[in-house]
Amino acid sequence: MKKVEIVKLLAILNTAFPNMQISDATVSLWYELLGDIDFIIAQAAIKKLLLESPYPPAIADVRKQITEIMAPKNGLEPAQAWGEVISAVQHFGFYREEEAIKSLNPTVAKVVKYMSWREICLSEEPGVVRGQFLKMYEQVRKREQQDALLPENLKSIIAKIAERHDLKMIEGGKE
């Protein structure tokens with residue numbers, strides 16, 4: 001999105017909330033944190049927020065609304081995800097792990113890898129495994145939703161900071 005389009009978005013908000021003050025700093029901040037979004041999608045998100053809330057939306061509200069518009073309800077519900085795992089176990093069994101994991105929704109596959117396909121297939125207590133899966137699936141899904149809210153440039157910066165932090169931890173451990 002271009003800065004001019006950010007100004008258009010802020011003009012929409014200013015029309016709905018006449019007391020809202022818009023400065024060059026406001027435009028710059030909104031551009032930095034929403035510039036990676038397509039104008040039409042951002043405009044739809046803002047209009048939807050205006051219909052849902054009597055308060056001016058923050059940048060976080062706009063990004064959250066955008067992710068909800070773009071993502072098909074953030075994947076499967078936990079029970080559907082577990083059903084997918086059970087179907088894969090029944091269809092592929094213990095010995096065809098690679099095929100089974102490829103058949104799963106990416107988030108479900110990630111959780112299955114964390115838990116171990118072997119452990120899921122060979123468990124003598126499916127109720128316990130189901131409970132562990134559902135809890136872990138919710139955590140992974142929540143993390144993916146939070147990550148989806150971040151602009152790519154901010155994700156990159158955070159990754160670099162984490163990488164440097166990990167490097168310092170490794171170097172600190174060698175001394």
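All residue numbers in this chain count up from 1 along the given sequence.
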Checklist entry - Given the rule in the side chain to side chain contact (heavy atoms under 4.5 Å, CB included) test, do Lys47 and Gln65 qualify, once you have shown the distances and angles that lead to the verdict? => result CA-CA 10 Å; Lys47 287 180 178 179; Gln65 191 66 246; over 6 Å; no

Donor-acceptor contacts, no H, no angles, side chain residues 34-44, under 3.5 Å, sequence neighbours left out:
unit_1: Asp36; atom_1: OD1; unit_2: Arg63; atom_2: NH1; d: 3.0
unit_1: Asp36; atom_1: OD2; unit_2: Arg63; atom_2: NH2; d: 3.1
unit_1: Asp38; atom_1: OD2; unit_2: Ile40; atom_2: N; d: 3.2

Next on the checklist: If the condition is salt bridge (charged side-chain N to carboxylate O under 4.0 Å, His left out), which residues does Asp147 pass it with, not counting sequence neighbours?
Outcome noted: Arg143

Next on the checklist: So Asp61 and Tyr55, do their side chains get closer than 4.5 Å, heavy atoms only?
Outcome noted: no

Next on the checklist: Taking side chain to side chain donor-acceptor pair (under 3.5 Å) as the definition, give me every residue that meets it alongside Glu144, ordered by chain and number, with sequence neighbours left out.
Outcome noted: Thr107, Lys110

Next on the checklist: Determine whether Met20 and Leu10 satisfy the following criterion, side chain to side chain contact (heavy atoms under 4.5 Å, CB included), listing intermediate values before the conclusion.
Outcome noted: CA-CA 9 Å; Met20 185 175 165; Leu10 291 169; 4.1 Å; yes

Checklist entry - Short question: side chain of Trp117, backbone of Gly93 - any donor-acceptor pair under 3.5 Å? => result yes

Next on the checklist: Applying the side-chain contact (heavy atoms from CB on, under 4.5 Å) criterion to Trp30, which one of Val7, Ile22, Ile59 satisfies it?
Outcome noted: Ile59

Checklist entry - Can you find a heavy atom in the side chain of Pro56 that is under 4.5 Å from one in the side chain of Leu13? => result no

Next on the checklist: Using the side chain to side chain donor-acceptor pair (under 3.5 Å) criterion, which residues pair with Lys142? Sequence neighbours excluded.
Outcome noted: none

Checklist entry - What pairs with Lys64 under side chain to side chain donor-acceptor pair (under 3.5 Å), at least two apart in sequence or on another chain? => result none

In residues 118-136, what donor-acceptor pairs under 3.5 Å come from side-chain atoms, sequence neighbours left out?
unit_1: Ser123; atom_1: OG; unit_2: Glu125; atom_2: N; d: 3.0
unit_1: Ser123; atom_1: OG; unit_2: Glu125; atom_2: O; d: 3.3

Next on the checklist: Apply side chain to side chain contact (heavy atoms under 4.5 Å, CB included) to residues Val111 and Val85 and explain how you reach the verdict.
Outcome noted: CA-CA 10 Å; Val111 175; Val85 172; over 6 Å; no

Next on the checklist: With salt bridge (Lys or Arg N to Asp or Glu O under 4.0 Å) as the rule and sequence neighbours excluded, what pairs involving residues 5-29 come up?
Outcome noted: none

Checklist entry - Are Phe94 and Tyr114 grouped together when hydrophobic residues (ILVMFWY) are joined by side-chain heavy atoms under 4.5 angstrom apart? => result no

Checklist outcome for this item: d(Ile46 CD1, Ile12 CD1) to nearest 0.5 Å is 6.0 Å

Next on the checklist: For a quick test of reading the model, state the closest non-hydrogen atom pair linking Val27 to Ile6 and the distance between them.
Outcome noted: O-CG2, 3.8 Å

Checklist entry - How would you list, by chain and number, every residue that makes a side chain to side chain donor-acceptor pair (under 3.5 Å) with Ser23, sequence neighbours excluded? => result Thr26

Item to check | Contact check, side chains of Leu9 and Met1, non-hydrogen atoms, under 4.5 Å | outcome: yes

Next on the checklist: Suppose the criterion is salt bridge (Lys or Arg N to Asp or Glu O under 4.0 Å): which pairs have a residue in residues 150-159, not counting sequence neighbours?
Outcome noted: Glu152-Lys155

Item to check | salt bridge (charged side-chain N to carboxylate O under 4.0 Å, His left out) partners of Lys102, counting only residues at least two apart | outcome: Glu98

Checklist entry - Hey, mind stepping through Phe92 and Ile101 against side chain to side chain contact (heavy atoms under 4.5 Å, CB included) and telling me if it holds? => result CA-CA 9 Å; Phe92 295 102; Ile101 290 176; over 6 Å; no

Item to check | Under 4.5 Å side-chain linkage, directly or through intermediates, the cluster mates of Ile161 | outcome: Ile157

Item to check | Contacts of type salt bridge (charged side-chain N to carboxylate O under 4.0 Å, His left out), residue Glu32, not counting sequence neighbours | outcome: none

Checklist entry - Closest heavy-atom contact between Leu76 and Tyr137? => result O-OH, 2.7 Å

Next on the checklist: Can you tell me how far apart CD (Glu68) and CD (Gln145) are? Round to the nearest 0.5 Å.
Outcome noted: 8.5 Å

